[in-house]
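We name chains A, B, ... by the order of the sequence lines, and we start the count at 1 in each one. All heavy atoms count here, side chains included; hydrogens, waters and symmetry mates do not.
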Number of protein chains: 2
Amino acid sequence: MTYEEFKRRFDVSREALCREILAANRDAIRIKKENTVVKNLAKIVEATLKISNRLGFQAMSMRTLSREAGLSMGGLYAYFAGKQEIMDMLRRQLESTVSRVFAQCLKDAMPPGVQLQTAIETHLHLSEAMRGWFYFAYMETKQMNRREREGAMAAELNTEKIFVDILKAGQQTADFCPRDPYLTAGVIKAVLQDWYLKRWKYARRNITVDQYAAFAVDWVETFVREPCSGADT
Amino acid sequence: MTYEEFKRRFDVSREALCREILAANRDAIRIKKENTVVKNLAKIVEATLKISNRLGFQAMSMRTLSREAGLSMGGLYAYFAGKQEIMDMLRRQLESTVSRVFAQCLKDAMPPGVQLQTAIETHLHLSEAMRGWFYFAYMETKQMNRREREGAMAAELNTEKIFVDILKAGQQTADFCPRDPYLTAGVIKAVLQDWYLKRWKYARRNITVDQYAAFAVDWVETFVREPCSGADT
DNA sequence: GTCTATATACGGATAGAC
DNA sequence: GTCTATCCGTATATAGAC
């Protein structure tokens, strides 16, 4: 799948995501008119990601946020209980979107090689479409309260587990050579994350997400298919 | 080289590093007695890394830092002009240490395959010995002022260039197959960085740095030596 | 060389007008 | 549904005692 096809198939526009945020937080939000909420949530989300990803979430003051979002301080607080709540909303929405899209893309019937390629492409496409969200979640994880942080660590291990399961399945069918599936999945994730963590570098070099995906798939396939030389963990 | 050998060969203890920080900032530090300075710098550095890496540099207040370091608020300011200066000192010291160690480990006379392995191992060993510094520099880069941030980006590209040069040299001697050296170096860096960014994960699984290094070398070697199948960038 | 006490500014959050 | 005005805690930084 190319990135263009991905975008046609999945709606991850800010509006669609904010509509889901509203649905998930209906009782915490004091404003009643749905269109107003979605419109303002979109402004809040955009401003939060923009400021946080440049300076860090801690460094973003509610005053700065209100100015950037075009709402007053008092107005902001109609949409969440406190600053921390903004971060939690964003993280929860990202997690739910990721798991939904993966569930729709990966089918058990696919052979392991196809699954591997699909999972890599899907992750890259998602993180390209929701770059700000991914970067935010990655960088701000450590500032979460304990419960949320454990959720984020679980999410990390969860995505990893998708790859671990594919690798194990491929080894059983002898599509892949036996190699530690946890270490392999770990480096695959590292390569996928580099795409949104170092976006400036790839933009500067005019690498598209499809080019990066092709390279990543080639790299991973080469490794999992090549007979092991000897000592690995 | 194993990690034990690395540690015997290079002194990257906090004391040695703080002695270098002192040398580099002699006129900015108001205290004269060298031993006092080194001892207190060590406490400040340790406390800064500890708190920042848990909560973020922004979230670390000077009060918290003074309590953790065992110095008073006023006392702290004898060692730097402001909070921002602490971050700059740490980043500069890390950069200087990294470039010194790499210069000592990599020799032009080595064949490309050996250089590649050495560079991977050196990076992992360094980041293992100075885990807190690497993590700090990575996570707090975006909060730096413009000049420092550009320095950090240059440092990132610099380390990458080490690998790019090795890969190009190896392709010329036909040790390695032709593949985009920039993309290849990029994913190698991503894998190396994962070691210190996800330390908790590897600790939980009892993976040692030597095991990770062996795996990373195997992975990279497999890719650069395997003839290309076809389409890559 | 280090501490206590304080100046000054800015943070998150809310009450109540419109 | 949104804004203005304000509360109060905490931030960085410094002055001056010891």
Side-chain angles (χ1 to χ4, degrees), chain A residues 18-19 21-22 25-45 47-48 51-52 54-90 140 143-145 148, chain B residues 18 21-22 25-45 47-48 51-52 54-90 140 143-145:
Chain A
C18 287
R19 214 168 279 283
I21 291 180
L22 167 57
N25 299 273
R26 199 53 202 99
D27 17 348
I29 296 174
R30 286 207 302 272
I31 315 297
K32 292 299 153 213
K33 272 171 64 183
E34 178 162 329
N35 280 346
T36 307
V37 176
V38 172
K39 183 189 59 160
N40 282 338
L41 273 182
K43 290 198 282 191
I44 294 171
V45 167
T48 301
I51 303 171
S52 294
R54 197 159 30 103
L55 306 168
F57 183 76
Q58 277 278 351
M60 175 187 79
S61 76
M62 295 302 279
R63 279 173 177 74
T64 319
L65 176 60
S66 80
R67 209 177 317 126
E68 180 80 31
L71 284 166
S72 69
M73 284 279 290
L76 278 182
Y77 278 87
Y79 294 89
F80 39 77
K83 191 184 174 185
Q84 176 68 39
E85 187 64 27
I86 305 179
M87 186 155 81
D88 299 346
M89 275 186 349
L90 286 173
E140 310 301 344
Q143 309 183 15
M144 292 167 176
N145 59 51
E148 290 283 335
Chain B
C18 287
I21 291 180
L22 167 58
N25 299 271
R26 196 57 205 94
D27 17 348
I29 295 173
R30 286 207 301 273
I31 314 298
K32 292 298 152 212
K33 276 172 60 181
E34 178 161 331
N35 280 346
T36 307
V37 176
V38 172
K39 185 191 60 169
N40 282 339
L41 273 182
K43 290 198 282 192
I44 292 170
V45 167
T48 301
I51 303 172
S52 294
R54 197 157 30 98
L55 306 168
F57 183 75
Q58 275 277 350
M60 175 187 80
S61 76
M62 296 302 279
R63 280 176 175 74
T64 320
L65 176 61
S66 80
R67 209 178 316 128
E68 181 79 32
L71 284 165
S72 70
M73 285 276 292
L76 278 182
Y77 278 87
Y79 293 89
F80 38 76
K83 190 184 173 185
Q84 177 68 36
E85 187 65 24
I86 306 178
M87 187 155 80
D88 299 346
M89 278 186 346
L90 287 172
E140 310 299 345
Q143 308 183 17
M144 292 169 178
N145 59 49

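A distance-only check finds a donor-acceptor pair linking the side chain of A:E140 to the backbone of A:F57 [under 3.5 Å]. In this structure, the side chain of B:N25 does not engage the main chain of B:A28 through any donor-acceptor pair within 3.5 Å. A donor-acceptor pair is defined here as one N or O able to donate and one able to accept, closer than 3.5 Å; such a pair exists between the side chain of B:S52 and the backbone of B:T48.
Here D:dT12 presents its P atom at 7 Å from CE of B:M62, a figure rounded to the nearest Å. If you take CD1 of A:I44 and C1' of D:dT2, they are 12 Å apart, rounded to a whole angstrom. Per the geometry, CD1 belonging to B:I29 stands 11 Å off P belonging to C:dG1, to the nearest Å. Rounded to whole angstrom, the span from the CZ atom of A:R63 across to the C1' atom of C:dG12 amounts to 8 Å. Between the C1' atom of D:dA15 and the CG atom of B:L76 lies a distance of 16 Å, rounded to the nearest Å. Residue A:I31 contributes atom CD1, which lies 5 Å from atom C1' of D:dG1 at whole-angstrom precision. In this structure, the CD atom of B:Q84 is 18 Å from the P atom of D:dA11, given to the nearest Å. Distance B:K83 NZ to D:dA11 C1': 8 Å, rounded to the nearest Å.
The side chain of A:S72 places no N or O atom within less than 4.0 Å of a non-bridging phosphate oxygen (OP1 or OP2) of D:dT2. For the pair A:Y77 and C:dT14, the criterion of a side-chain N or O lying under 4.0 Å from OP1 or OP2 is not met.
Here the side chain of B:N40 is nearest to one of C:dA5, C:dT2, D:dT2, namely C:dT2. Listed nucleotides: D:dG1, C:dA13, D:dC3. Nearest to the side chain of A:K33: D:dG1. Listed nucleotides: C:dG12, C:dC3, D:dT12. Nearest to the side chain of B:L71: C:dC3. For A:M73, the side-chain atoms get nearest to D:dA5 when compared with the rest of D:dG1, C:dG1, D:dA5.
In this model, no side-chain donor or acceptor of B:R30 finds a partner on the base of C:dG1 within 3.5 Å.
Salt-bridge formation is detected for the pair A:R19/A:E34: a Lys NZ or Arg NE/NH1/NH2 atom is positioned less than 4.0 Å from an Asp or Glu carboxylate oxygen.
The residue A:Y79 sits close only to the backbone: its heavy atoms come under 4.0 Å of sugar-phosphate atoms, none of a base.
Note that B:K83 lies outside the cation-pi zone of B:Y77, set by a 6.0 Å cut-off to the ring centre and a 45° limit from the axis.
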